[in-house]
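Here is the structure we will look at, set down as structure tokens.
Side chains are part of it too, since the values below use all heavy atoms of this structure and drop only hydrogens, waters and symmetry mates. It should be emphasised that the depicted structure is a prediction, and the values quoted were computed from it without experimental measurement.
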Amino acid sequence: MSELKLGIPKGSLEEMTIALFKKSGWKISTTSRSYFPSIDDATIRCSLARPQEMSRYVESGTLDVAITGKDWTMENGSDVHVVCEMVYSKTSFRPTRWVLAVPQDSGVKTIEDLRGKRISTEMVNFTKRYFAERQIPVEVEFSWGATEAKAAEGLVDAIVEVTETGSTIRAHGLKIIHELMESCPQLIANKTAWQDPWKRAKIEQIQLLLQGALSAEDKVGIKLNVAEADLDKVVQLIPSITAPTIATLYQSAALKGVKWYSIESVIAENVVRDLIPQLIQNGAVGIIEYPLNKII
């Protein structure tokens, strides 16, 4: 039987990635003692690896396909096929940012002011390339952790660190003066595996369903009934991906003397709380809201 070797990112993205696969149709089970999770698909073999290392394993063929951050693929300079980008993180559905931060009282205002200064970061190779491309000589050292504290305590002049909101950076008495890049998870494939017809079809199946699950993440389905006299004004209230689905209720006119319609649509979850009262005020009844797994 053919087998696809799939890499799952260990660490901050692990829980969110496994939840995304579950919505996509695959159940992945992990234990604290194993780096090889089980999956309910006999054609897939899963491995856990740190996102920082993942692109190297894909490039070498140890893994056929994996999810890892765009930032770490760029840091490693890995020669892989990027299948797609998927915007999600450990706390939100937006990209993360790699930023340059300095102490609040620092005289450094721009990246040019760091000429000859020391920077601490996990993204050493990318940071070196970034400053070299701008012909700004700096000393870049690898940070083993607690990166913000190094700048706050004056051990380095600046840091390059990843953030979603900037709150942790500000909490350490630092300020962001420049954004180097945005990053999000990517589905990446080994180039040889991508050329294999069976593996490519399996990877494309994973891509389709993962992106479908992400598309449904902040949306819900809504169903309701409405009499013919109120149909047009209710339809005008309902947003939709294309247009609401409208169907007549079986024998409604014969039973009640009034023709009734069923309306169904997919809408953003954050508008439902305001929409439902408006629908009721305009004649809608039997309103049902339901979660979605995928939109394809």
ask   = Hey, is CD on Glu15 packed in by over 12 heavy atoms from elsewhere, all under 6.0 Å?
value = no
query = Between Gln236 and Lys233, is any side-chain donor less than 3.5 angstrom from a side-chain acceptor?
reply = no
Distance-minimising heavy-atom pair for Val235 and Pro244 = CG1-CG, 4.4 Å
query = Any cation-pi pair here, Lys27 with Phe21, using under 6.0 Å and within 45°?
reply = no
request  = Find out whether Val65 and Leu187 are in side-chain contact, i.e. whether some heavy atom of one side chain is under 4.5 Å from a heavy atom of the other.
outcome  = yes
message = A quick test of your reading: do over 12 heavy atoms of other residues, nucleotides or ligands sit less than 6.0 Å from NZ of Lys294?
response = yes
query = With a 4.0 Å cut-off, would you call Glu182 and Arg97 a salt bridge?
reply = no
Tyr290 to Leu292 - nearest heavy-atom pair and separation = CE1-CD2, 3.7 Å
request  = Identify the heavy atoms of Ile44 and Ile39 that sit nearest to each other, and give their distance.
outcome  = O-CG2, 3.4 Å
query = Do Asp64 and Leu6 have side chains that get closer than 4.5 Å, going by heavy atoms?
reply = no
task = Evaluate salt bridge (Lys or Arg N to Asp or Glu O under 4.0 Å) for Lys223 paired with Glu289, printing each intermediate quantity in order.
result = CA-CA 7 Å; Lys223 295 180 69 172; Glu289 177 191 341; over 6 Å; no
query = Could you give the distance from CG (Asn125) to CG (Asn76), rounded to the nearest 0.5 Å?
reply = 7.5 Å
Lys202 with Asp41: basic N within carboxylate O range, under 4.0 Å = yes
message = Quick one, Lys5 with Tyr57, criterion side chain to side chain contact (heavy atoms under 4.5 Å, CB included). Give me CA distance, side-chain angles, the key distance, then yes/no.
response = CA-CA 11 Å; Lys5 295 172 290 185; Tyr57 297 143; over 6 Å; no
query = So do Ile206 and Glu204 actually touch side chain to side chain, heavy atoms under 4.5 Å?
reply = no
ask   = What class does the angle between the rings of Trp194 and His81 fall in, given that below 30° is parallel, 30 to 60° is tilted and above 60° is perpendicular?
value = parallel
request  = Heavy atoms only: give me the nearest Ala189-Val83 pair and the separation to one decimal.
outcome  = CB-CG2, 3.9 Å
message = Closer than 3.5 angstrom, by distance alone: can the side chain of Glu3 be matched with the main-chain N or O of Thr43 as a donor-acceptor pair?
response = no
query = Distance-only, no hydrogens or angles: does the Glu75 side chain make a donor-acceptor pair with backbone N or O of Val124 under 3.5 Å?
reply = yes
ask   = Is it true that Leu48 and Val58 fall in one hydrophobic cluster, defined by side-chain heavy atoms closer than 4.5 Å?
value = no
remark   = Note: Ser215 and Asp218 closest approach over all heavy atoms is O-OD1, 4.0 Å
query = Ignoring hydrogens and geometry, is there a side-chain-to-backbone donor-acceptor pair from Lys150 to Gly145 under 3.5 Å?
reply = yes
request  = Mind running side chain to side chain contact (heavy atoms under 4.5 Å, CB included) on Val87 and Glu85 for me, showing each step along the way?
outcome  = CA-CA 6 Å; Val87 180; Glu85 291 192 346; 5.6 Å; no
inquiry  = For a 4.5 angstrom cut-off between non-hydrogen side-chain atoms, does Leu279 reach Ile222?
reply    = yes
message = If hydrophobic clusters are built from ILVMFWY residues whose side chains come within less than 4.5 Å, do Ile188 and Met86 share one?
response = no
query = Got more than 12 heavy atoms from elsewhere within 6.0 Å of NZ, Lys117?
reply = no
key: Expected output: side-chain Asp157 to main-chain Arg118 donor-acceptor under 3.5 Å   = yes
message = Within the 4.5 Å heavy-atom criterion, are Asp71 and Met181 side-chain neighbours or not?
response = yes
message = Quick one: does any side-chain atom of Ser47 pair with a main-chain N or O of Leu63 as donor and acceptor, under 3.5 Å?
response = no
request  = List the steps and the verdict of side chain to side chain contact (heavy atoms under 4.5 Å, CB included) for Val272 and Ile267.
outcome  = CA-CA 8 Å; Val272 174; Ile267 61 176; 3.6 Å; yes
query = When rounded to the nearest 0.5 angstrom, what distance separates CZ in Phe36 from SG in Cys46?
reply = 11.0 Å
request  = Is it possible for you to say whether Val156 and Val108 belong to one hydrophobic cluster, with membership spreading through side-chain heavy-atom contacts below 4.5 Å?
outcome  = no
query = Taking the side chain from Thr68 and the backbone from Pro51, do they hold a donor-acceptor pair closer than 3.5 Å?
reply = yes
ask   = If Ile, Leu, Val, Met, Phe, Trp and Tyr residues are connected whenever their side-chain heavy atoms lie under 4.5 Å apart, and connections chain through other members, are Tyr250 and Leu231 in the same group?
value = no
query = Hey, does the side chain of Glu53 reach the backbone of Ala49 with a donor-acceptor pair shorter than 3.5 angstrom?
reply = no
query = Between Thr147 and Thr121, is any pair of side-chain heavy atoms under 4.5 Å apart?
reply = no
query = What's the shortest heavy-atom distance between Pro137 and Arg115, and which atoms?
reply = CD-NH1, 3.2 Å
message = Check the orientation of Phe126 and Tyr130. Use parallel for under 30°, tilted for 30 to 60°, and perpendicular for over 60°.
response = tilted
ask   = Counting distance only, does the side-chain N/O of Gln104 pair as donor-acceptor with the main-chain N or O of Leu174 below 3.5 Å?
value = yes
key: CD on Gln211 to CD1 on Ile296, rounded to 0.5 Å   = 9.5 Å
query = Distance from Asn225 atom CG to Trp260 atom CH2, nearest 0.5 Å?
reply = 7.0 Å
task = Say whether Val162 and Ile111 are linked into one hydrophobic cluster, either directly or through other cluster members, by side-chain heavy-atom distances under 4.5 angstrom.
result = yes
ask   = Within 45° of the axis and under 6.0 Å from the centre of the six-membered ring of Phe131, does NZ or CZ of Arg129 qualify?
value = no
key: From NZ (Lys70) to OG1 (Thr96), nearest 0.5 Å   = 10.0 Å
message = For Tyr88 and Thr17, which I'm curious about, is there any donor-acceptor pair between the side chains at under 3.5 Å?
response = yes
task = I would like to know whether Ile8 and Ile28 meet side chain to side chain contact (heavy atoms under 4.5 Å, CB included); could you show each step before the answer?
result = CA-CA 10 Å; Ile8 301 295; Ile28 298 173; 4.0 Å; yes
key: Heavy-atom side-chain proximity of Leu155 to Ser120 below 4.5 angstrom   = no
key: Side chain proximity check, Lys219 to Ile295, heavy atoms < 4.5 angstrom   = yes
inquiry  = I need the Ser183 OG to Met123 CE distance, nearest 0.5 Å.
reply    = 7.0 Å
query = Ignoring hydrogens and geometry, is there a side-chain-to-backbone donor-acceptor pair from Asp113 to Thr110 under 3.5 Å?
reply = yes
query = Are the side chain of Ser34 and the backbone of Thr31 linked by a donor-acceptor contact shorter than 3.5 Å?
reply = no
request  = Tell me, yes or no, whether the heavy-atom count around Phe142 atom CZ, taken from other residues, nucleotides or ligands under 6.0 Å, exceeds 12.
outcome  = yes
